**Student:** 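Dropping a structure here in structure tokens format, bear with me for questions.
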Amino acid sequence: MRVTLCQVTIACDAVLSSKSPYRKQDPDTWENELPVSKYANNLTQLDNGVRIPPSGWKCARCDLRENLWLNLTDGSVLCGKWFFDSSGGNGHALEHYRDLGYPLAVKLGTITPDGADVYSFQEEEPVLDPHLAKHLAHFGIDMLHMHGTENGLRDNDIKPRVSEWEVIQETGSKLKPMYGPGYTGLKNLGNSCYLSSVMQAIFSIPEFQRAYVGNLPRIFDYSPLDPTQDFNTQMTKLGHGLLSGQYSKPPVKSELIEQVMKEEHKPQQNGISPRMFKAFVSKSHPELSSNRQQDAQEFFLHLVNLVERNRIGSENPSDVFRFLVEERIQCCQTRKVRYTERVDYLMQLPVAMEAATNKDELIAYELTRREAEANRRPLPELVRAKIPFSACLQAFSEPENVDDFWSSALQAKSAGVKTSRFASFPEYLVVQIKKFTFGLDWVPKKFDVSIDMPDLLDINHLRARGLQPGEEELPDISPPIVIPDDSKDRLMNQLIDPSDIDESSVMQLAEMGFPLEACRKAVYFTGNMGAEVAFNWIIVHMEEPDFAEPLTMPGYGGAASAGASVFGATGLDNQPPEEIIAIITSMGFHRNQAIQALRATNSNLERALDWIFSHPEFEEDSDFVIEMENNANANIISEAKPEGPRVKDGSGMYELFAFISHMGTSTMSGHYVCHIKKEGRWVIYNDHKVCASERPPKDLGYLYFYRRVPS
């Protein structure tokens with residue numbers, strides 16, 4: 001019998017469009033065929049009299065009532081972690097397996113006559129259980145009478161999709177995949193969604209596109225001997241992968257037909273892997289280099305720091321984020337003021353919970369929820385607090401008390417208040433919603449709120465005004481340094497060797513959810529005096545921008561040089577340190593070669609030597625040397641005020657073009673997704689999946705990216 005190509009095409013279309021029970025979980029995603037578990041045929045089931053009710057399930061070790069898994073050996077109902085269906089949990093089902101070794105579990109709520117979601121902890125993957133009906137019947141579950149819908153829920157359990165996991169990922173919508181330049185996803189390396197979301201937003205900005213992808217030939221030509229250790233090379237490589245379109249092409253039907261005929265059909269390999277980029281950008285940051293989930297805001301600031309330190313000549317794309325903040329501090333007793341300026345890269349907005357517009361609904365929901373938990377009934381539909389954006393903006397602009405304020409007018413401690421305003425407006429404004437806080441028990445928690453973020457944002461009224469007529473400035477006097485006699489010895493003892501840090505205290509703090517490097521600094525700066533004292537240090541310093549940066553102390557070898565690099569050892573005139581120039585010239589290189597190499601590598605000795613060897617055509621230019629040294633001398637002699645940080649000031653009118661959303665209970669867990677507005681439509685970037693967005697959840701975001709509206 002001859003089979004025509006047309007018949008093969010029709011057969012392939014039928015196969016590709018068919019809906020197996022497993023494929024119904026995600027209509028837009030191809031998955032491998034599930035293997036049969038090797039434990040299914042001889043699974044041991046305990047005769048302990050456990051019977052599972054048809055509803056009202058709850059984790060046996062916590063209060064979770066969703067993402068619950070039934071262990072098929074002893075009938076325990078426990079919460080999952082983050083399995084293949086992207087649900088969240090506390091991992092008690094996995095802990096139960098590690099304690100007792102019972103290998104198979106089925107997800108409650110997915111059971112239908114056609115099957116269910118079964119996971120093998122021992123085999124570490126979803127599996128098939130040919131005897132599932134028998135195994136479920138052991139605990140009183142009649143699989144043949146369970147009726148489900150395409151999303152795996154029983155008809156009487158269907159509720160509007162209100163959980164942030166479902167809303168943010170637009171679960172249930174048939175999202176259309178996007179292909180081509182700018183529509184390339186990034187594979188998740190385990191817990192790298194925070195990085196993927198930030199990089200998608202970063203490379204949607206033209207200044208970053210031009211700085212890296214636009215300079216690709218020059219950056220690649222002048223990359224060091226080991227390009228894996230060069231930031232600009234890695235940024236350019238990643239940007240090219242995301243923007244070129246070479247790794248985002250729609251599947252061709254002829255290729256699918258050929259694969260099916262050869263019985264070699266496999267899932268499409270969508271997205272590119274950021275493994276090398278992640279390894280480089282996180283290597284100097286112990287917390288980011290771990291496999292734990294991270295804060296996208298913290299990674300954004302870390303990335304900006306790397307861009308600043310590795311700028312290409314005079315071009316610095318992170319200039320678009322930089323702005324000046326004017327801080328006005330007033331002594332409440334004398335009414336005198338002090339104005340200072342600082343650099344910042346994002347605007348942090350507090351969540352004004354007291355301004356919720358649906359307080360009555362929230363109170364009623366909380367009462368109903370507690371009653372349902374007490375009576376083991378299904379929980380009511382979630383009610384999310386609705387917060388007006390105007391209330392958050394008002395909270396940002398209101399004065400705040402200054403703790404331990406020392407008044408130079410009184411030369412004593414006094415009450416003080418601080419207000420912050422924009423001394424300049426950036427080209428691109430990044431807004432962080434401060435959703436993460438601590439409860440009364442100091443356990444990290446997250447505000448699950450809805451904020452009506454505007455598409456057009458006008459903050460011109462927050463422009464700083466400087467010293468006003470009638471205001472009197474506080475005297476420029478520093479507070480005295482007083483060290484009690486009985487504390488001097490203890491203070492000296494606090495300067496311990498970093499290698500002697502009490503790791504047990506560090507781990508106690510880390511288990512509370514604080515960044516590991518912040519915990520190390522807390523223990524170090526409190527002189528190994530215990531976790532309680534270090535905890536107090538964390539509370540005082542946790543708002544500082546370098547809170548989670550690695551510990552760097554002068555006098556400890558590499559740490560000192562690393563700190564110099566972080567804080568700009570090259571100075572405003574970009575003149576490299578003389579001691580490093582002397583090291584290179586002692587090797588026989590010309591002084592101007594050393595200066596040029598150090599300038600190109602931000603005074604990194606190892607990279608500067610690579611630069612010299614990779615630029616053999618460099619010729620000595622005496623005019624360049626004389627001019628540069630004259631400029632350096634002029635900077636030393638000049639008494640003029642040094643030039644401040646570069647800012648791109650302009651109007652305070654902005655439009656929203658991207659936002660990053662977080663799902664989960666804290667920054668140390670959960671998942672990040674990015675939405676970007678491209679070519680007039682919103683697009684969702686969910687790791688390797690890139691699709692046209694149907695309902696962008698702009699009210700549930702965590703980081704918002706605005707661009708200035710041309711005036």
Side-chain angles (χ1 to χ4, degrees), residues 297 301 322-356 385 387-426 429-440 442 447 449 451 457-482 518 535-547 644-645 647 649 652 704:
Q297 176 258 2
L301 292 178
R322 190 185 304 110
F323 60 92
L324 295 176
V325 177
E326 177 193 86
E327 292 186 340
R328 176 186 182 272
I329 299 180
Q330 183 175 41
C331 174
C332 295
Q333 190 167 341
T334 65
R335 313 303 293 175
K336 294 182 179 182
V337 297
R338 175 182 296 120
Y339 285 87
T340 58
E341 287 187 352
R342 61 176 174 84
V343 174
D344 213 331
Y345 294 90
L346 56 80
M347 178 186 189
Q348 294 183 310
L349 279 187
V351 177
M353 289 296 294
E354 68 282 356
I387 312 296
F389 172 77
S390 57
C392 299
L393 201 59
Q394 178 65 29
F396 170 83
S397 61
E398 289 179 349
E400 59 179 299
N401 294 325
V402 180
D403 296 329
D404 293 326
F405 172 67
W406 187 84
S407 172
S408 58
L410 300 173
Q411 297 196 27
K413 286 189 177 183
S414 174
V417 293
K418 179 179 71 174
T419 55
S420 299
R421 294 291 186 270
F422 286 84
S424 68
F425 291 124
L429 177 66
V430 182
V431 179
Q432 177 197 11
I433 305 298
K434 298 177 69 174
K435 290 187 172 183
F436 300 101
T437 183
F438 292 92
L440 297 176
W442 291 107
F447 294 126
V449 296
I451 301 177
L457 173 60
D458 185 359
I459 56 172
N460 279 300
H461 64 285
L462 294 178
R463 168 78 72 173
R465 297 178 297 172
L467 187 68
Q468 296 297 296
E471 290 184 333
E472 186 178 353
E473 289 190 272
L474 286 163
D476 189 12
I477 302 174
S478 300
I481 300 175
V482 179
F535 175 80
N536 293 331
W537 186 94
I538 286 178
I539 299 305
V540 173
H541 295 83
M542 64 188 306
E543 295 296 330
E544 296 178 359
D546 61 345
F547 174 66
V647 295
D649 197 7
Y704 292 86

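Remember, it's a predicted structure, so these values are computed and weren't measured experimentally.
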**Student:** Answer yes or no: is there a side-chain heavy-atom contact under 4.5 Å between Leu349 and Ile451?
**Tutor:**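 No, too far: nothing below the 4.5 Å cut-off.
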**Student:** Going through the distances and angles, do Ile433 and Cys392 end up as a side chain to side chain contact (heavy atoms under 4.5 Å, CB included)?
**Tutor:** CA-CA 9 Å; Ile433 305 298; Cys392 299; 5.8 Å; no
**Student:** Would you say that Ile329 contacts Val337 through its side chain, given a criterion of any heavy-atom pair below 4.5 Å between the two side chains?
**Tutor:**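 No, too far: nothing below the 4.5 Å cut-off.
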**Student:** Output the distance between atom CZ (Arg465) and atom CG (Leu467), rounded to the nearest 0.5 Å.
**Tutor:**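 Spacing of CZ (Arg465) from CG (Leu467) equals 11.0 Å.
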**Student:** Output the distance between atom NE2 (His461) and atom CG (Asp458), rounded to the nearest 0.5 Å.
**Tutor:**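 His461 NE2 to Asp458 CG: 7.5 Å, rounded to 0.5 Å.
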**Student:** Can a salt bridge be assigned to the pair Glu471 and Arg328 using a cut-off of 4.0 Å between side-chain N and carboxylate O?
**Tutor:**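 Here Glu471 pairs with Arg328 in a salt bridge, since their nearest N and O are under 4.0 Å apart.
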**Student:** Looking at every heavy atom in both Pro475 and Arg338, which two are closest together, and how far apart are they?
**Tutor:**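 Answer, listing the atom of Pro475 first, then Arg338: O-NH2, 3.6 Å.
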**Student:** Asp476: what forms a salt bridge (charged side-chain N to carboxylate O under 4.0 Å, His left out) with it, not counting sequence neighbours?
**Tutor:**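 Listed in chain order: nothing, the list is empty.
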**Student:** Determine yes or no for a side-chain-to-main-chain donor-acceptor pair under 3.5 angstrom, with Tyr704 supplying the side chain and Val431 the backbone.
**Tutor:**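 Here the side-chain-to-backbone pair does not exist.
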**Student:** Could you go through residues 395-402 and list every donor-acceptor pair under 3.5 Å that involves a side-chain atom there, pairing it with any protein atom two or more places apart or in another chain?
**Tutor:**
residue : atom : partner : partner atom : Å
Ser397  : OG   : Leu393  : O            : 3.4
Ser397  : OG   : Gln394  : O            : 3.0

**Student:** Taking the side chain as every heavy atom from C-beta outward, state whether Val430 and Phe323 have any atom pair closer than 4.5 Å.
**Tutor:**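 No. Closest side-chain heavy atoms not under 4.5 Å.
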**Student:** Can you find a heavy atom in the side chain of Lys413 that is under 4.5 Å from one in the side chain of Phe405?
**Tutor:**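 Not in contact.
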**Student:** Are the side chains of Lys434 and Phe447 in contact, using a 4.5 Å heavy-atom criterion?
**Tutor:**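 Phe447 does not reach Lys434 side chain to side chain.
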**Student:** Output the distance between atom CG (Leu462) and atom CG (Asn460), rounded to the nearest 0.5 Å.
**Tutor:**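 Interatomic distance, Leu462 CG to Asn460 CG, rounded to 0.5 Å: 9.0 Å.
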**Student:** For the residue pair Phe425 and Asp649, what are the closest heavy atoms and their distance?
**Tutor:**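 Reported closest heavy-atom pair: N-OD1, 2.9 Å.
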**Student:** What heavy-atom pair brings Gln411 and Ile477 nearest, and what distance separates the two atoms?
**Tutor:**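 For Gln411 and Ile477, the tightest heavy-atom pair comes out as NE2-CD1, 3.9 Å.
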**Student:** After noting the C-alpha distance and the side-chain angles of Arg421 and Glu326, does the key distance pass the salt bridge (Lys or Arg N to Asp or Glu O under 4.0 Å) rule?
**Tutor:** CA-CA 5 Å; Arg421 294 291 186 270; Glu326 177 193 86; over 6 Å; no
**Student:** My understanding is that only residues two or more places apart in sequence, or in another chain, count here; which of them pass salt bridge (charged side-chain N to carboxylate O under 4.0 Å, His left out) with Glu327?
**Tutor:**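 Salt bridge (charged side-chain N to carboxylate O under 4.0 Å, His left out) check on Glu327 returns Arg342, Lys418.
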**Student:** To the nearest 0.5 angstrom, please state how far the OG atom of Ser414 sits from the CG atom of Asp404.
**Tutor:**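 If we round to the nearest 0.5 Å, Ser414:OG and Asp404:CG are 12.0 Å apart.
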**Student:** Counting C-beta onward and ignoring hydrogens, is there a side-chain heavy-atom pair between Leu301 and Gln432 closer than 4.5 Å?
**Tutor:**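 No. Closest side-chain heavy atoms not under 4.5 Å.
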**Student:** Are the side chains of Phe422 and Arg463 in touch, meaning some heavy atoms are under 4.5 Å apart?
**Tutor:**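 Phe422 vs Arg463: side chains apart.
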